[in-house]
Structures are given as C-alpha cells and as structure tokens.
2 protein chains.
Amino acid sequence: MRDTADHILDAAQDLIQTRGFSAMSFQDVADRVGIKKPSIVHHFPSKNALGEAVVRRYRERFAAALAAVRDDPEQDAWATLEFYFTPYLEFAHSAEKVCLCGALAGEILALPAGMRGEVRRFFENHQRWLEEILETGQGEGVFALFDAPRPVARLFVAALQGALLVKRTTGDIGQLLEVVETIRSCVRAGAKVDR
Amino acid sequence: MRDTADHILDAAQDLIQTRGFSAMSFQDVADRVGIKKPSIVHHFPSKNALGEAVVRRYRERFAAALAAVRDDPEQDAWATLEFYFTPYLEFAHSAEKVCLCGALAGEILALPAGMRGEVRRFFENHQRWLEEILETGQGEGVFALFDAPRPVARLFVAALQGALLVKRTTGDIGQLLEVVETIRSCVRAGAKVDR
DNA sequence: GTCTATACAAAGATAGAC
DNA sequence: GTCTATCTTTGTATAGAC
C-alpha cells in the first residue's frame, strides 16, 4: 500500500501539471487523496513546502534517469538521444500533459524561492546533459550538427518544452511528434552540412 | 491622456505576463492603475472578461503586424524572418518578460474557455504565418530547410516560446540570443543539406 | 495520523451613494 | 465613472480532540 505522503505528492504533481501551482489548492489535493485538508499539513507544513517537494522529486528522478543512460556503456549516442525523447513522447499520448517544469515556467515569478530554484536546476541540468550527449555523438561522427553542441542543445530543450505547451493549447498531438522527428532529421549524419 | 480601459488592459497584461492569470487579482490591477476594485468592474464585468480582452488585443495586434510585413513587397524573405525575431529579441532585454501566450500556455486548463480560444488562435496563426514565409523563402532559394516548411515552422515557434520561458527561469538572457542565432544558421542558404 | 472546528486574509462580485 | 460598504466563497493555516 502506498504511503500517504507519496499519494499527496502524486496528486499535487498532477494538479500542478494541469492547472498550475497558483490554481492548485489544499482542497483539490485532499479531495483526490480522499482525506481532509489538515491531514495534508501534517505531511507538508505549507503549500510552498508541498510544491517544493513535488518539484524536487520530479527533478531528482529525471536527473537520475539521465545520468544512468549517459553512463551506460551499452547505449550509443543515438540510443541515448532517443531515450531523451521518451518522456516527451509519453506526454504526447495525452493532449493535457506537459512537463511539470515547463508548466511552472509560465508562472515562475509567482512561485516561492525554493520552487524557483528547483525549476532552474531542472533546466540547467537538462541543457548540460544534452550538450554533453551531442558533443560525444558529434565526436564519434554519429551526429552532424549545424552549430556548436551548446546552442543546439539549448535549441532542442527549448523546442521540446515549447512543443509540449503549444500541443496542449492547440490540442494537436501530432505537434510534438513532428518536432521530435524534425530534431532527428536535424542531427542525422546523412544530412551533412556543407559550408 | 490614456483611456482608463486601456490603462487597465496594460496593467493586467503585465501582471499576467509576469505572475500568470491565476495569481493576478483585481486588487493588483487596481493598485497599478491607481483606482479601486469596483472601478475595474465598470469597464470589464468579470475577471474572465478582462483576461479575454487582454489576450484578444495581444493576438490581434500581433496578427496585424505579421500580416502587414508578409504583404509588404519591399520586404524579402530574410527581412520578414528577421522581423519575426524582433519581439522575441525585445523580450530578451529583460530577464522577466515572456510572451503573454507562452506564459498562459502553462496554465491553459485553468483558464476560462474564451481565453483558451484566444491563446489557441495565437499559436495557430503564428505557425501558419511562419510556414508560409519559410515556404516562400525556400521557393526563392533564399532558405535551405532540412525538412518541410510545416514541421520546421512548428519547431521554430516552439523553440522561441520555450527559449523565452527557460530564459526567465535560468535568468540567462543569452539563452534567447543563442536560439535565434541557431535558427538563423539553420535556414541559411549557405548551409545546404546534402542527402 | 486523521479528524472537526475555527481563525484570518483575500478573492470575485454587487448595491447604491456621489 | 468612481467611490464606500458589504456579501459570499475560498484560500492557507492552526488548535485540539480522538
């Protein structure tokens, strides 16, 4: 049986991912978990603390998964890049889902300092990780980039996050698949840049 | 002297762009304009109506500017693309500014239906417009795209919106400039794709 | 660990004077 | 067109029983 604290975190994360942190209330979380409002306070002393715990867990899980794939000698650069697409493609199955940190970026100035820091670390980590993967793949001749690994990594992270948000707004799930496919064709070694 | 309704719209837009719609209140708007809460209601009967008016004005202004440049025979494809970067680069001057619709995309499911429709139309219009520009430029041999105009246009819009949000989160203004520069090098005719 | 009850502030909105 | 005053709901958070 699942721990109540975990259950609360799951409910809060889903609410933030869909409605945003400002629009989420203890009442919403309590209703989903099937408890009363004060029971949440027993596990998380304030709404800010709950929000920070949600983002920290999300960021740490993501970071651990990315580090594991990067350090797995079985995975080549292409497989590693494809692994990075996986969560985005899972978000694409539903019209409503976006990345937790992408959703929070829209209201970042209204968030408590602890949450802002977690979201910032999330993006910095993703950009550094992808830059490293692109550089490795480029060195091995697997990727052909039209610019340096750093700006290209930033372009890709921004495009994937932006595509999730636009997808949910327009309701066009194909949006995300198109962007992922375009990124693939963008780094494909067969598409050598000549200049 | 500026009309009060316009003043209210300006204040509300700035508040939504920074904190988000859910976190914005009549009190915040009233304080900025220098009036009391009920005076706002006289101009906009509800918070939802005010929010919808803000997004509609923003979308219509943007659409008019884009259409004007597209239909100006003086502007070639490159100048038109550069024109599209202008507002994004202006957002880049401040660490806090993002596109109104990019900010709203994060909390889209918490918005009233009228606002959701406006944000959707904003993105659909931008994607169609940019697709058309890319196609024209490609036909004239000015742009060299690594994929069809439609997916490339979607990638660019998503990347620009995502870059604004990431920029504000990390506080790194260079983020946006890098992405714009990467997009430029990405369509440059000198960088012909060979496959 | 969960509950009832409650405190306190802030929200959106309305009525009616000026 | 703007104000004061007020209504009603909802928010976060606390106190204390079980």
Side-chain angles (χ1 to χ4, degrees), chain A residues 1-56 103-104 106-116 118, chain B residues 1-56 103-104 106-116 118:
Chain A
M1 181 180 142
R2 190 138 99 280
D3 192 50
T4 304
D6 286 337
H7 200 163
I8 292 171
L9 286 172
D10 292 342
Q13 177 175 330
D14 193 65
L15 284 163
I16 297 173
Q17 266 172 322
T18 48
R19 306 185 204 170
F21 182 70
S22 299
M24 178 197 81
S25 72
F26 276 175
Q27 190 63 64
D28 299 325
V29 178
D31 289 346
R32 288 219 182 178
V33 179
I35 56 178
K36 301 296 177 182
K37 283 194 287 180
S39 304
I40 298 174
V41 181
H42 177 77
H43 297 276
F44 302 95
S46 69
K47 186 184 174 185
N48 288 359
L50 172 57
E52 193 174 332
V54 167
V55 190
R56 184 183 305 115
L104 287 173
E107 54 178 337
I108 194 82
L109 297 175
L111 301 180
M115 290 184 76
R116 277 207 298 274
E118 289 294 338
Chain B
M1 182 179 141
R2 191 139 96 282
D3 193 50
T4 303
D6 286 337
H7 201 164
I8 292 171
L9 286 172
D10 292 341
Q13 177 175 329
D14 193 65
L15 284 163
I16 298 172
Q17 265 172 323
T18 48
R19 307 186 204 169
F21 182 70
S22 299
M24 177 198 81
S25 71
F26 275 175
Q27 190 65 63
D28 299 326
V29 178
D31 289 345
R32 290 218 181 177
V33 179
I35 54 177
K36 301 294 177 183
K37 280 197 291 179
S39 303
I40 299 174
V41 181
H42 176 79
H43 298 275
F44 302 95
S46 69
K47 186 185 174 184
N48 288 359
L50 173 57
E52 193 174 333
V54 168
V55 190
R56 184 184 305 114
L104 287 173
E107 52 177 339
I108 195 83
L109 298 175
L111 300 180
M115 290 185 75
R116 277 207 298 274
E118 289 295 338

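Letters A, B, ... are given to chains in the order of the sequence lines, protein chains preceding strands, and every chain is numbered from 1. What's counted below: heavy atoms across the whole structure, side chains too, no hydrogens, waters or symmetry copies.
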Euclidean distance, atom [atom1] of residue [X] to atom [atom2] of [N] [Å, nearest integer]:
| X | N | atom1 | atom2 | result |
| --- | --- | --- | --- | --- |
| A:Q27 | C:dC3 | CD | P | 12 Å |
| B:N48 | C:dA13 | CG | P | 7 Å |
| B:K36 | C:dA17 | NZ | C1' | 17 Å |
| B:F21 | C:dG12 | CZ | C1' | 11 Å |
| B:K37 | D:dT6 | NZ | C1' | 11 Å |
| B:D31 | C:dA10 | CG | C1' | 13 Å |
| B:H7 | D:dG1 | NE2 | P | 16 Å |
| B:I40 | D:dC3 | CD1 | P | 10 Å |

Where the side chain of [X] is defined as all heavy atoms beyond and including C-beta, which of [options] is the nearest nucleotide?
| X | options | answer |
| --- | --- | --- |
| A:S46 | D:dA13, C:dA11, D:dT2 | D:dA13 |
| B:P38 | D:dC3, C:dC3, C:dG12 | D:dC3 |
| B:S39 | C:dC3, D:dC3, D:dG11 | D:dC3 |
| A:I35 | C:dG1, C:dA13, C:dC3 | C:dC3 |

Checklist entry - Can you tell me if B:D31 uses its side chain to pair, donor with acceptor, with the backbone of B:D28 under 3.5 Å? => result no
Checklist entry - Distance-only, no hydrogens or angles: does the B:K47 side chain make a donor-acceptor pair with backbone N or O of B:F21 under 3.5 Å? => result yes
For [N], does either OP1 or OP2 sit under 4.0 Å from a side-chain N or O belonging to [X]?
| X | N | result |
| --- | --- | --- |
| B:T4 | D:dT2 | yes |
| B:H42 | D:dG1 | yes |
| A:K47 | D:dT12 | yes |

Next on the checklist: Judged by each residue's nearest nucleotide on DNA chain D, which is more toward the 5′ side, A:A23 or A:P45?
Outcome noted: A:A23
Next on the checklist: Taking the nucleotide of DNA chain D with the nearest heavy atom to each, does A:V41 or A:D28 sit closer to the 5' end?
Outcome noted: A:D28
Next on the checklist: Testing B:N48, B:V54, B:L104 one by one against B:M115 for a side chain to side chain contact (heavy atoms under 4.5 Å, CB included), which residue passes?
Outcome noted: B:L104
Checklist entry - What's the shortest heavy-atom distance between A:F44 and A:A53, and which atoms? => result CE2-CB, 3.8 Å
Checklist outcome for this item: In terms of heavy-atom contacts, A:R19 and B:E107 come closest through O-CB, 3.7 Å
